[in-house]
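For reference, the structure discussed in these notes is given below.
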Amino acid sequence: MRISKLFSKTTREIPADADTTGHQLAVRAGLINQAAAGIYTYLPLGWRALQKIEAIFRDEMDKAGGLELHMPVLSPNEWWAKSGRDVTMGDVLFHVFDRRERKLTMGPTHEEVITTLAARYIQSYRDMPLMLYQIQTKFRDEPRPRAGLIRAREFSMKDAYSFDVDAAGLDVAYKNMRQAYINIFKRCGLEAIPVEADSGAIGGKDSEEFMVITEAGEDEIIFCPACNYSANAEKAVSVKEKVADGKPLPVEEISTPGMKTIEELADFLKIPHSATIKAVFYIADKQFVFGVIRGDLAVNEVKLKNQLKCADLRMATEEEVKAQGIVAGSASPLGLKGIKIIADDSVTSGVNFVAGGNKPDTHLKNVNYPRDFKADIVADIALAQAGDKCAKCSGALTSKRGIEAAHIFKLGTVYSEKFGATFIDEKGASHPIVMGCYGFGPSRLLGAALEQCNDDKGIIWPLAIAPYQVYLCPLYREGSKVDEVADKLYADLQTAGIEVLLDDRSESAGVKFNDADLIGLPFRITVSPRTLEKDGVEFKARTEKEASVIPLKEIVAKLKLTIVV
RNA sequence: CGGGGUGUAGCGCAGUUGGUUUAGCGCGCAGCGUUUGGGACGCUGAGGUCGGAGGUUCAAAUCCUCUCACCCCGACCA
């Protein structure tokens, strides 16, 4: 490709609305152009990179025994009513209405469509195991699109679905996909780790996310360097150490004028935060919930939501708290009636806690569970944090940020039951199909790659996903043989199967080199009178600082060896 | 949803106590010339319904009302 014919333009200025490094580079190098919030055009360079990524996906899916198909973007809204996701994913769904005012849902993912297909085509145990996948544009009306391709409303997704007769079959499919995903990251040249995850709105049981490690990531990952335990902070567990031992003492009322927060209270009484119990208030599907947790811990709302089995969870407003007759700042679960109480298991990890007195400026000493109060649910609803002890090996947990590029789930029979997707076994008995689903976003992977692979000059493409492999850069062309040599090299490289971007513009060396670094192709070849004097060209890898002169005769073979393996 | 911010040329910005009657600057773009190993220089030129609608006024990019779009932060507080 000749740059003079390329449709896009690099810019020196940092785009005003791009916040992360990767997003800025994507715009500056001319990979993408924004149409609306979270909606982008892929310009030729960006599109080539995306297609390379998708080709790797296809290859790995096919190797893993997947069969590619292509489902429609639009599907009847009734299917979404059937699964219940017209409600649970309600705000995120894009809809269109046809000429008869029939409501169609634009696919945010395709469990409903594929399970409908499975119900039609899978009849016998002989039809399984089966793995279907597609690569398709998905639509999600995200509350807050972010960081360019990282969180978009229209994006590319590879979604695969496995169909098996039983849990053992699903295990095989799941492990198979997990390995395929590891292969994909490796081939794309990215550092990523699988972490335990919450399964969220998709439903199902076991699930893992694949995180691309970068500061620009939206997710916090908790992991243990000692035993390799790693989990999304939404899901992570840690040891809640016993903070106090001893005999439960009688409850005692104490005056705590003006003390409303745990911070104030602990300072005032000169006790650690962990010697207190704090109360938090939520509305779970319109029901008021009183949450209790040790003062030094924070509530993990994802865990809380899962425990409460609710669709919607939010913090209660001050008015709602008041309406329950609760004294904010001095609330405690003691003596509460008619309110659902959920306690983190940390309240069982000590004795003689300080808790609210349910009267202004009053707290209670020596509160003990279960002697003084009872909870409807006692479970782990705490947020694990860096510094906590690992639940598996008691090493110290640390945290990193990452971008969730892929997510795999064991769905089980959640969808097959709702959609009547059943099969007949050897004995003629009918069972729901056991499903798994495996999502992986090529466009998000591209965004993540840009976040991870760059320096202060620009992008540093991993070879496998670079839009072109070589940046061919002729300098001082007039009155020399540079053009002649560069044109021949351009042709020879392409004949050798190497993808070349030829900078045929009449720009100065500085402009060309800076653009070469910004666009970040893996290799740069400079042809100039200076190099031709030595009958050679200059070769530089984007990852290296230094360039070297290679004899003209050898350059094609050298590149071929490096690139076309 | 809540909070904050920004909309002026393709991009980045200035101009906003209303008034030098044709709205500026840099980059980019077009033409000519001189240049050329890390974002060269000179001259000339094209490009704007100042996000949109309504209003106030002799006069609005500038003031008022409404509206739209985009960006950021928060979805941890008893």
Side-chain angles (χ1 to χ4, degrees), chain A residues 8-20 23-24 27-28 30 33-39 91 142-148 151 153 218 220 233-234 256 258-265 276-282 290-293 295-305 312-318 320-322 324 326-333 355-358 360-361 363 381-383 385 457-458 473-480 482 505-518 524 526-533 537-538 540 545 547 549:
Chain A
S8 68
K9 190 142 284 180
T10 57
T11 62
R12 301 177 199 202
E13 313 267 13
I14 294 169
D17 54 8
D19 194 43
T20 64
H23 187 195
Q24 289 172 359
V27 177
R28 289 221 297 136
N33 183 256
Q34 184 173 34
I39 299 174
D91 296 343
E142 295 285 348
R144 187 146 95 86
R146 234 195 105 248
R151 183 169 293 278
R153 294 194 296 168
E218 296 187 293
E220 189 181 3
E234 291 176 348
T256 52
M259 303 301 144
K260 285 183 184 289
T261 65
I262 292 296
E263 185 82 41
E264 291 164 352
L265 181 68
T276 67
I277 287 179
K278 76 176 163 190
V280 293
F281 315 110
Y282 287 91
F290 191 112
V292 190
I293 189 166
D296 59 320
L297 301 172
V299 171
N300 177 331
E301 291 186 3
V302 174
K303 287 183 185 174
L304 181 59
K305 200 171 163 183
D312 183 56
L313 181 74
R314 61 171 177 84
M315 289 188 50
T317 63
E318 253 175 70
E320 285 165 333
V321 173
K322 244 179 225 165
Q324 296 290 330
I326 290 167
V327 184
S330 290
S332 86
N358 288 330
D361 303 326
H363 282 78
I381 55 167
L383 198 61
Q385 288 166 319
K457 291 193 174 290
C473 186
L475 296 177
Y476 309 105
R477 305 181 302 166
E478 279 177 38
S480 74
V482 166
R505 300 171 301 171
S506 305
E507 293 288 351
S508 69
V511 171
K512 289 187 175 187
F513 288 157
N514 278 300
D515 274 348
D517 287 342
L518 175 58
R524 187 184 81 193
T526 308
V527 185
S528 73
R530 190 195 285 182
T531 67
L532 292 182
E533 257 174 42
V537 295
E538 186 188 88
K540 182 181 170 297
K545 267 216 144 80
V549 176

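By convention in this document, chain letters (A, B, ...) are assigned in the order of the sequence lines, proteins followed by strands, and residues within each chain are numbered from 1.
- Remark: A:Q34 is in phosphate contact with B:rC71, judged by side-chain N or O atoms under 4.0 Å from OP1 or OP2.
- Salt bridge annotation for A:R505-A:D515: present, with a cationic side-chain nitrogen under 4.0 angstrom from a carboxylate oxygen.
- Of the residues near RNA chain B, A:F513 and A:G38, the one whose nearest nucleotide (by heavy atom distance) lies more toward the 5' end is A:F513.
- In the set B:rG12, B:rA78, B:rC70, B:rA78 carries the atom at the smallest distance from any side-chain atom of A:K278.
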Show the distances under 3.5 angstrom between N or O atoms of the protein and N or O atoms of nucleotides 72-74 of chain B.
from, atom 1, to, atom 2, distance (Å)
B:rC73, OP2, A:R144, NH1, 2.9
B:rC73, OP2, A:R144, NH2, 2.4

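- Atom CD in A:E507 sits about 7 Å away from atom P in B:rC29, given to the nearest Å.
- Put simply, CD1 on A:I14 is 18 Å from P on B:rG39, counting in whole angstrom units.
- Here the C1' atom of nucleotide B:rG39 and the NZ atom of A:K512 are 13 Å apart, to the nearest Å.
- When each of A:A547 and A:V299 is assigned the nucleotide of RNA chain B with its nearest heavy atom, A:A547 is the one assigned upstream, toward the 5' end.
- The base of B:rG38 sits within donor-acceptor range of the side chain of A:R524, with an N or O pair under 3.5 Å.
- Taking a pair to require two hydrogen-bonding distances under 3.5 Å in either a Watson-Crick or a G-U wobble arrangement, B:rG18 remains unpaired.
- Rounding to whole angstrom units, CZ of residue A:R505 and P of B:rA40 are separated by 12 Å.
- With B:rG38, B:rG39, B:rC70 as the candidates, the nucleotide lying closest to the side chain of A:R153 is B:rC70.
- Put simply, CZ on A:R12 is 14 Å from P on B:rG38, counting in whole angstrom units.
- In the set B:rC13, B:rC70, B:rC76, the nucleotide with an atom closest to the side chain of A:A16 is B:rC13.
- Of the nucleotides present, none pairs with B:rG47 by Watson-Crick or G-U wobble criteria with both distances under 3.5 Å.
- The separation between A:E142 atom CD and B:rC1 atom P is 16 Å, rounded to whole Å.
- Atom-to-atom, CG of A:L518 to C1' of B:rG38 comes out at 14 Å; the value is rounded to the nearest Å.
- Across all strands shown, B:rG33 pairs with B:rC41; the Watson-Crick or G-U wobble distances both stay below 3.5 Å.
- With respect to A:R524 and A:E538, a salt bridge is recorded, a charged nitrogen being found less than 4.0 Å from a carboxylate O.
- You'll find that the side chain of A:A298 is closest to B:rC76, out of B:rG38, B:rG28, B:rC76.
- Between A:E507 and A:K512 there is no salt bridge, since no side-chain nitrogen of the basic residue lies less than 4.0 Å from a carboxylate oxygen of the acidic one.
- Taking the side chain of A:D515 as heavy atoms from C-beta on, and the options B:rG38, B:rC76, B:rG39, the nearest nucleotide is B:rG39.
- Remark: B:rU62 base-pairs with no nucleotide; criterion is Watson-Crick or G-U wobble with both hydrogen-bond distances under 3.5 Å.
- Shown here are the salt bridge (Lys or Arg N to Asp or Glu O under 4.0 Å) partners of A:R153, two or more places apart in sequence or in another chain: A:D141.
- Between A:F290 atom CZ and B:rA78 atom C1' the separation is 9 Å, expressed in whole Å.
- The side chain of A:S508 contributes no N or O atom lying less than 4.0 Å from OP1 or OP2 of B:rG39.
- When Watson-Crick and G-U wobble pairs are counted only if both distances are under 3.5 Å, B:rC25 pairs with B:rG12.
- Checked by distance alone, A:E13 brings no side-chain donor or acceptor within 3.5 Å of a matching partner on the base of B:rG28.
- Closest to the side chain of A:S528, out of B:rG38, B:rG37, B:rA40, is B:rG37.
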